[in-house]
Amino acid sequence: FHDQVDEALSSDWLWPHVEHLHLKDYDGTPTDSNGRRRYLHPGEGTLPLREFVQGAASVHGFTGTITLEVSVVAEDLTLDWPKLDRSLAWLDALA
């Protein structure tokens, strides 16, 4: 949202204090047409999430936990389990 991914990765002072990451993608629009916050899955936005997580691990030795901060509730209020499966597979592939 604030274009701070590179700054976060280059802030060496920060990483000894990071134990947990919350990830969601972003496409420039923080809310939907009803004013609700949007929680995009990896690949639905433009953030370099894979590079961020890999950089945190390889450059800063991050081994903490990661939470996917996403929603699987579809517009019709059903649950989109395949979408969650894809995002979990994306996260698993980072290991």
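Note that the numbering runs from 1 along the sequence shown for the chain.
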### Task
Applying side chain to side chain contact (heavy atoms under 4.5 Å, CB included) between Glu69 and each of Arg37, His41, Lys24, report the one that passes.
Lys24
#### Entry: Partners passing ring-ring contact (aromatic ring centres under 6.0 Å, His included) against His22 (at least two apart in sequence or in another chain)
His20
### Query
Can you tell if the side chain of Arg36 reaches within under 4.5 Å of the side chain of Thr31, non-hydrogen atoms only?
no
### Closest non-hydrogen atom pair between Val70 and Leu40, with its separation
CG1-O, 3.5 Å
Atom pairs and distances, side-chain donor-acceptor, residues 48-57, under 3.5 Å, sequence neighbours left out:
none

### pair Leu23-Thr67: side-chain heavy atoms closer than 4.5 Å
no
### Query
Is the closest basic N to carboxylate O distance between Glu44 and Arg38 below 4.0 Å?
no
### Task
Indicate yes or no for a side-chain donor-acceptor contact from Asp76 to the backbone of Thr78 under 3.5 Å, with no hydrogens or angles considered.
yes
### Query
Is any side-chain heavy atom of Val18 less than 4.5 Å from a side-chain heavy atom of Leu14?
yes
### Message
If we ignore hydrogens and angles and just use 3.5 Å, is the side chain of Asp25 paired with the main-chain N or O of Pro42 as donor and acceptor?
### Response
no
### Query
Hey, does the side chain of Ser87 reach the backbone of Leu84 with a donor-acceptor pair shorter than 3.5 angstrom?
no
### Task
Sequence neighbours left out, what passes salt bridge (charged side-chain N to carboxylate O under 4.0 Å, His left out) with Arg86? Give chain and number order.
none
